[in-house]
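Everything below concerns the one structure shown next.
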Amino acid sequence: MSVEHPESAPPAPSDFIRDIVAQHVAEKRYAKIVTRFPPEPNGYLHMGHAKSICLNFGIARENGGQCNLRMDDTNPAKEEVEYVDSIIADVRWLIFGWADDCLGFKPKGAAPVRNESNGKLDFYLAPVPLDSGNTEPFFASDNFDALYAYAVVLIQKGHAYVCDLSPKETEEYRGSPDKPGRDSPHRTRSATENLDLFQRMRAGEFPDGARSLRAKIDMASPNIWLRDPLLYRIRHTTHHHTGNKWCIYPLYDYAHCLSDYLEGITHSVCTLEFEVHRPLYDWILGALDLPRALPHQYEFAKLNLSYTIFSKRRLLQLVQDKIVSSWDDPRMPTLSGARRRGIPASAIRRLATAVGVTKYDGLTDVAVYEHAVREELNALALRRLAVLRPVKLVLTNIPPDETIACEAVDNPQAENPVKRKVALTREVFIESDDFAEVPPPKYFRLKPGGEVRLKYACIIQCDEVVKDATGAITELRCTADLTTRSGGPNADKKVKGTIHWVSATESIDAEVRLYDRLFTVAEPGAEEDFKKFINPHSLEVIVAKLEPSLKGAQPSDRFQFERLGYFVPDAKDSTPGKLVFNRTITLKDAWLAKGPAPKK
RNA sequence: UGCCCGAUGGUGUAAUGGUAGCACAAACGACUCUGACUCGUUUUGUCUAGGUUCGAGUCCUAGUCGGGCAGCCA
């Protein structure tokens, strides 16, 4: 069964940004809606990014538009190709079968093409269809030549100047939120001198931090970002994508708005913290007097999930301190972690729809995510029998060499359920939780003298509890009522409980990793010392008994171990010779929630 | 004591001047060869104070609370 169910994507949502886009579509303001997802390749993508991906690609697909994947790589000190590769893989996984058609890539190695339009300098980089062969994502660093040319225009127009202030002096001159800044002594340099200095900055004549290129706006602006913000800084550093071609690098505010323009972005959607940068975004584009339609920035609140952290710094700490095994540890909130955990991409898209898009910075209950995961998996997963904590049970009226074939269903939710055979034998394993010598009130499962149904098999009665010298239960001796088998004369006999089981002689062993929430509190990121909230039981490794049909299970398969939860073969560690399953998530458990709950 | 943004049940969101709705969560019940799924019922909400209006969650004013902004990070 396929893991991806594109058709299971919920209907197109509506929100304030989509409303704006719809308005623009109605006005025919743009020939085509173009959005972009612009991660910095300095870490792995996580669920927070997923919300942005779903929004940007969602807008594109709902309007017959396109969404460019762009590496926002203007800071060579922090960025690496390893991250570029993981980002591409994660984005393609998340949108697979849903928005692939909208993914904007460019020819490998392509940079914006220069042309003059009505005497105005222009650059444009057209996207190409994904299937056109040699393609790659957009890179802000591919725009460096165009960005440089535009910086020259800014200088010529008197909108930018080279400043010799040191980083510390620049900070002092900037003032503070409630105190205006002071003009830099270099603010009044002539265009000729600025051009010469900027050219020499590029040529490598000055050391890091010696000079910078600044926009000439207003040092007294109440908006800090309008107080002559830096456009270029000197960094004699090798860049992962451009090598040693440059020693000056543009800053975010300068590179981002222009990269949007160069790619023909119409709607530049970002998170709330960039709201105060929007005037600068508009100022730069406005100062350049550009010939084509300008992009506009819209901001929304990023995703916050309870019991989860998204800070790249803290996620890195978890990896470095070996609290988790890697960036793709199934407990990590990264997309690669979720993938390895067995979370379908469709479940993440469902979450994105469920949380909506607003400007309110709230905290979403992780239960919303878990519900989305169960919703998708319930439809997708193949039901299988597996016993996590086995107790031996002997059916004393079945001869040792007899095998009774029982019919089991792969997925009762499917339109035409597929069936398979499971073998009932004299000795089986049941879950230790499913027997209680002294049952709590309302206990539906097996107890001394009690009856219960073995799922897909028959009703059994517990006759005897056998214990060892320490008092531990070694086996349960029961009688099987074969007349209650499916198709049997008493098949319709009702008992309160039905439990899962596997044949003791025909089952196979597998390592099972039982994952749980990584943190014990709803807001682990609220305090600096977030590691004290780590859940010590976030991973338990056991050896379980599985029905033999699971032998060939692949990481692309999705299973529900009946009455237990959803499980997936681990993509890294599971082999045909040694199966390893990850628990994606437990089934909802109303009994567990009630109280006198045995450990699951 | 600067500027920007926000505030609707426990949580997230809808209502675009006209019956406060949905989802999750919680509780109870029905169904059940998964204590799952499904179905039904229930609890809980417009930050405060003024104003405009026949009518305000929605518009205006002031306040309260929360978030963001002073990287040569993004």
Side-chain angles (χ1 to χ4, degrees), chain A residues 13-15 19 38-40 42 72-75 77-79 163 165-167 170-171 174-181 208-214 221-227 229-235 249 251-253 255-256 270-279 299 301 306 312 353-372 374-375 378-379 383 385 408-409 412-413 442-445 452-459 484 486 491-500 522 560-565 586-594:
Chain A
S14 160
D15 55 63
D19 289 347
E40 183 187 14
N42 70 343
D72 210 352
D73 55 352
T74 56
N75 185 357
K78 290 185 171 180
E79 296 145 8
C163 180
L165 254 27
S166 71
T170 305
E171 187 186 327
R174 184 155 36 223
S176 58
D178 52 350
K179 271 207 309 263
D208 288 6
R211 295 185 212 263
S212 62
L213 184 73
R214 295 229 249 164
S221 171
N223 184 338
I224 299 271
W225 293 102
L226 259 21
R227 319 241 266 227
L230 272 73
L231 268 21
Y232 272 90
R233 79 286 223 186
I234 300 171
R235 285 282 174 280
Y249 291 94
L251 278 107
Y252 167 84
D253 289 295
H256 203 87
C270 63
T271 46
L272 252 26
E273 66 266 30
F274 294 102
E275 214 162 11
V276 288
H277 293 240
R278 187 172 1 114
E299 310 86 13
S306 63
K312 277 182 187 174
T353 303
V355 299
V357 178
T358 65
K359 299 185 77 158
Y360 176 72
D361 186 24
L363 178 65
T364 297
D365 193 334
V366 73
V368 177
Y369 175 46
E370 295 174 342
H371 179 259
R374 290 190 178 107
E375 192 98 329
N378 180 46
R383 312 292 127 122
L385 295 177
V409 181
Q413 320 282 331
K442 296 229 176 122
Y443 187 78
F444 297 166
R445 289 111 96 151
V452 78
R453 179 177 285 276
L454 296 184
K455 178 133 192 177
Y456 303 126
C458 62
I459 292 171
T484 59
S486 303
D492 292 337
K493 180 176 173 183
K494 303 292 181 199
V495 284
K496 199 67 187 164
T498 298
I499 64 174
H500 58 277
Q560 182 197 102
F561 292 174
E562 296 217 35
R563 300 211 307 131
L564 296 170
T586 61
L587 250 32
K588 235 173 96 181
D589 191 341
W591 170 248
L592 219 198
K594 272 196 175 62

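Throughout, protein chains are lettered first and strands after them, A, B, ... in sequence-line order, and every chain is numbered starting at 1.
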Looking across every strand, which nucleic acid part, if any, lies under 4.0 Å from [X] by heavy atom: base, sugar-phosphate, or nothing?
{"X": "A:E275", "answer": "sugar-phosphate"}
{"X": "A:G362", "answer": "sugar-phosphate"}
{"X": "A:N378", "answer": "sugar-phosphate"}
{"X": "A:Y232", "answer": "nothing"}
{"X": "A:E299", "answer": "nothing"}
{"X": "A:K494", "answer": "sugar-phosphate"}

If you measure from the [atom1] atom in [N] to the same atom in [M], how many Å do you get, rounded?
{"N": "B:U61", "M": "B:A20", "atom1": "P", "result": "27 Å"}
{"N": "B:A30", "M": "B:A14", "atom1": "C1'", "result": "30 Å"}
{"N": "B:G6", "M": "B:U13", "atom1": "P", "result": "13 Å"}
{"N": "B:A15", "M": "B:C47", "atom1": "P", "result": "16 Å"}
{"N": "B:A25", "M": "B:G66", "atom1": "C1'", "result": "23 Å"}
{"N": "B:A56", "M": "B:A70", "atom1": "C1'", "result": "39 Å"}
{"N": "B:G17", "M": "B:G57", "atom1": "P", "result": "13 Å"}
{"N": "B:C54", "M": "B:G12", "atom1": "C1'", "result": "35 Å"}

Steps toward side chain to side chain contact (heavy atoms under 4.5 Å, CB included) verdict (A:E562, A:Y456): CA-CA 11 Å; A:E562 296 217 35; A:Y456 303 126; 2.4 Å; yes

Report yes if at least one side-chain N or O of [X] is closer than 4.0 Å to OP1 or OP2 of [N]; otherwise report no.
{"X": "A:R235", "N": "B:C73", "result": "yes"}
{"X": "A:R174", "N": "B:C72", "result": "yes"}
{"X": "A:T74", "N": "B:A74", "result": "yes"}
{"X": "A:T170", "N": "B:C72", "result": "no"}
{"X": "A:H371", "N": "B:C24", "result": "yes"}
{"X": "A:R383", "N": "B:A36", "result": "no"}
{"X": "A:R563", "N": "B:G35", "result": "yes"}
{"X": "A:R233", "N": "B:A74", "result": "yes"}
{"X": "A:K588", "N": "B:G35", "result": "no"}

Pairwise 5' ranking along RNA chain B for A:D15 and A:R453, keeping only the more 5' one: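 Nearer the 5' end of the strand: A:D15.
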
Residue mapping more 5' on RNA chain B - nearest nucleotide basis, A:S176 or A:V357: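 This one resolves to A:V357.
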
Stacking check A:W591 vs B:G35 (5.5 Å / 30 deg):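 Ring-base stacking flag set for A:W591 and B:G35.
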
B:A7 pyrimidine/purine six-ring stacking with A:Y360, under 5.5 Å and 30°: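 The ring of A:Y360 is not stacked on B:A7.
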
Pair A:W591-A:R445, side chain to side chain contact (heavy atoms under 4.5 Å, CB included): steps then yes or no: CA-CA 11 Å; A:W591 170 248; A:R445 289 111 96 151; 3.2 Å; yes

Over all atoms of both residues, closest heavy-atom pair of A:L592 and A:D589: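 Reported closest heavy-atom pair: N-OD1, 2.9 Å.
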
Atom NZ of A:K359: over 12 foreign heavy atoms under 6.0 Å: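 Enclosed: over 12 neighbouring heavy atoms sit under 6.0 Å from NZ of A:K359.
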
Gap separating the OG1 atom of A:T586 from the CZ atom of A:R563, nearest 0.5 angstrom: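 A:T586 OG1 to A:R563 CZ: 13.5 Å, rounded to 0.5 Å.
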
Side chain A:S166 and base B:C72 donor-acceptor under 3.5 Å: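 No, no donor-acceptor pair under 3.5 Å.
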
Flag for A:S176-A:D178: side-chain donor and acceptor within less than 3.5 Å: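 A:D178 vs A:S176: donor-acceptor pair found between side chains.
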
A:E299/A:R278 ion pair, N-O < 4.0 Å: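 Here A:E299 pairs with A:R278 in a salt bridge, since their nearest N and O are under 4.0 Å apart.
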
